[in-house]
Structure formats: C-alpha cells, structure tokens
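For reference, the structure discussed in these notes is given below.
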Amino acid sequence: MTAALLMLLLAGPVTLAAGSPVHFKAANGTIPLVLWHGMGDSCCNPLSMGAIKKMIEEEISGIYVRSLMIGKTIVEDTENGFFMDVNAQVSSVCSQLAQDPKLKDGYNAMGFSQGAQFLRAVAQRCPSPPMKTLISIGGQHQGVYGLPKCPGESSFWCNMIRKALNSGAYRDWVQKHLVQAQYWHDPLNEDLYKMHSLFLADVNQEKAVNETYRKNLQRLERFIMVKFLQDSVVDPVDTEWFGFLKSGQAKETETLQESVLYKEDRLGLAAMDKAGKLVFLATDGDHLQFSREWFNAHLLPYLR
C-alpha cells in the first residue's frame with residue numbers, strides 16, 4: 001500500500017483541542033488502559049493517539065496505557081486498518097493482551113471509531129484478561145451504510161473504494177481484503193448482509209446467537225458510547241449509540257432500544273441497560289473531535 005494512497009484514504013485521526021488540564025490523582029492499583037485507534041491512524045501518531053496516551057498519563061498518575069499496534073511497524077499498523085481481516089486483527093490483539101503481564105488482573109479499554117467495535121469483539125471473544133470498562137468513541141456498532149469521508153473526493157482511489165463498497169461489499173474478495181466492507185451494513189439487503197458479513201453480523205449475533213458472546217459482554221462493568229452530534233464521517237451517526245437504519249429502507253433510523261437486537265436481547269445489552277451498565281454520551285463536534293476539558297470531565301472518571 002503506497003503512502004500516497006493512504007493519504008487519500010485517511011478519514012481523519014483524533015483531533016484534540018488545546019485546553020487547560022484537569023488533574024486526577026490516581027491511588028495505587030490504577031487499572032491499566034488499552035487503546036485501539038481508528039481508520040487511517042496508528043498507535044503512536046504524536047498528533048493523535050500518541051497525544052491521547054500522553055494526556056491520560058499526565059492526568060492519572062501511574063497509569064499503564066497500552067496503545068495497540070497491529071503489525072510490526074507504524075506503517076503496517078496504518079495499512080492494516082484498511083486491509084487486514086478484522087477477525088485476524090481481533091485474534092492478534094487477544095494474543096497481545098494475554099501476553100502482557102501488566103494486564104493480567106484486568107484492564108479498561110478505549111476504542112476510537114472502528115477501533116471501538118473491534119474492542120467490543122475482544123470483550124466478547126477473549127474474556128481473559130478481563131475487560132472491565134469499554135469506552136467507545138465514535139464507534140460504528142451497527143456498522144455503516146455510506147463510505148466514510150476521505151479527503152480528495154474526486155480522487156481515483158476514493159471513488160474506487162466507494163464503488164467497491166456500494167456495489168460489491170459482500171463479494172468474498174471485498175469482504176476479505178477491505179476492512180470497512182466487514183462492517184458495511186446494507187438495510188436494503190439484510191439477508192445478503194447476514195450471509196456474507198465476515199465480522200459485524202457475527203459479533204452482533206445476527207447469524208446465530210452465541211451464548212458465550214452474550215455472557216462475556218455482560219461481564220463489563222460499564223459500556224460507554226460517545227456520539228458526535230455533528231459527525232460528517234459516520235453514516236448513520238445513530239450507530240455510535242448502537243442504533244441504525246430501520247430494515248428495508250435507508251431514511252428512518254431506530255434506537256438501540258427499538259431494535260430486534262435489544263428486544264430479543266441477543267447480546268445482553270437490554271440486561272446491561274436495565275442494570276445501569278450502558279452510558280450514552282454526546283458531544284457537539286465532528287468525528288473524533290473533542291476538547292481536553294470535555295475528555296477530562298466526561299471520560300476520565302471512568303478510568304480512575
């Protein structure tokens with residue numbers, strides 16, 4: 001994958017506005033934190049995930065923060081966010097976490113954009129070491145039905161990827177080689193989606209109900225979902241709160257609570273909601289854009 005193509009495809013990494021720090025002093029025994037970046041980003045970009053990691057370490061004294069790298073280099077990490085099979089990525093992360101002695105007693109997790117639903121898959125598939133709190137920042141938990149915005153809208157590559165998703169997201173070669181196709185959710189072709197989706201339809205229990213997935217997810221102490229009210233990247237934005245388009249059409253949306261997934265409690269989310277484990281937060285910004293003050297006030301308390 002060439003650097004030029006990557007530049008065309010970037011959907012925009014985390015944007016953290018400058019602001020005054022709000023310090024929280026952590027006691028001994030602070031829970032470690034695992035971060036998973038979004039599409040077009042990497043574990044260690046000093047302007048995005050690197051800055052987030054540094055900020056959290058400044059705010060919570062003594063915390064261990066692991067920012068996940070998928071691959072052996074930062075370049076591979078970025079490329080794999082586009083082209084590495086999601087199930088293979090999740091399996092790799094499960095191995096990384098199991099081999100990290102600092103996580104053996106449990107950890108909190110924070111996922112950005114697609115990294116959020118990937119971390120949810122980790123919670124469902126790999127309960128050891130145990131994930132305690134999952135914070136989803138702009139995650140697409142019911143998938144997307146629209147190509148994420150990429151700079152250079154008239155570029156050949158952006159148009160090619162868009163065309164591949166719009167006309168062939170469920171073709172085997174597209175599913176296997178394009179990450180975004182693996183959480184493409186077409187409400188006009190639900191049967192096709194359920195049959196051919198390699199990742200999302202499985203973790204959302206739309207192929208069959210895996211009791212292990214449901215039990216493992218309910219082990220979370222908290223599942224926090226952040227929606228960006230001015231999001232111009234994720235379509236529909238309701239997916240960030242586990243909502244989506246109503247089946248059979250592409251205009252009206254439904255909330256998580258209105259969905260079959262919730263009513264049949266196929267993932268245990270209804271039980272978690274009733275137990276007060278689900279937290280729905282919103283911020284008035286575009287995709288992954290928030291201030292340090294907002295982050296400190298609304299998310300840091302869940303990491304203490």
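Computed over heavy atoms, backbone and side chain alike; hydrogens, waters and symmetry mates excluded. Start at 1 with the first residue, then count along the sequence. These numbers come from a predicted model, not from an experiment.
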Which residue pairs pass the side-chain hydrogen bond (donor to acceptor under 3.5 Å, both in side chains) test with at least one member in residues 240-251, sequence neighbours excluded?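 Every pair satisfying side-chain hydrogen bond (donor to acceptor under 3.5 Å, both in side chains) with a residue in residues 240-251: K246-E252.
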Heavy-atom pair of closest approach, residues [X] and [Y]:
X    : Y    : answer
D265 : A271 : OD2-N, 3.4 Å
P129 : Y107 : O-CE2, 3.4 Å
T239 : Q142 : OG1-N, 2.8 Å
V203 : Q124 : O-NE2, 2.9 Å

Does a donor on one side chain sit under 3.5 Å from an acceptor on the other, for N80 and Q89?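 Side-chain D/A pair, N80 to Q89: absent.
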What residues form a side chain to side chain donor-acceptor pair (under 3.5 Å) with [X], not counting sequence neighbours?
X    : value
H196 : none
D172 : none
H185 : E190

Using disulfide (SG to SG under 2.5 Å) as the criterion, list what pairs up with C43, not counting sequence neighbours. none
Using atom types as modelled, flag every donor-acceptor pair under 3.5 Å from a side chain in residues 98-106 to any protein atom, sequence neighbours excluded.
residue, atom, partner, partner atom, Å
D100, OD1, K102, N, 3.0
D100, OD2, Y64, OH, 2.6
D100, OD2, R66, NH1, 3.0

State yes or no: are the ring centers of H177 and W173 separated by less than 6.0 Å? no
Could you check whether F118 and F199 have their ring centres less than 6.0 Å apart? yes
Taking the side chain as every heavy atom from C-beta outward, state whether L303 and I31 have any pair of such atoms under 4.5 Å apart. no
Taking the side chain as every heavy atom from C-beta outward, state whether W36 and I70 have any pair of such atoms under 4.5 Å apart.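 In contact.
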Return the CE to CD1 distance between M49 and I74, rounded to the nearest 0.5 Å. 12.5 Å
Using the rule salt bridge (Lys or Arg N to Asp or Glu O under 4.0 Å), only one of R304, K54, R292 pairs with E59; which is it?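 Per the salt bridge (Lys or Arg N to Asp or Glu O under 4.0 Å) rule, the option paired with E59 is R292, out of R304, K54, R292.
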Are the side chain of [X] and the backbone N or O of [Y] linked by a donor-acceptor pair below 3.5 Å?
X    : Y    : value
K207 : M195 : yes
D231 : V234 : yes
K132 : A109 : no

Scan Y262, Y183, F242 and name whichever one has a ring-ring contact (aromatic ring centres under 6.0 Å, His included) with H141.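 Per the ring-ring contact (aromatic ring centres under 6.0 Å, His included) rule, the option paired with H141 is F242, out of Y262, Y183, F242.
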Do D186 and K194 sit within salt-bridge range, that is, some charged N less than 4.0 Å from a carboxylate O? no
Would M69 end up clustered with V122 when hydrophobic side chains under 4.5 Å apart are linked, directly or stepwise? no
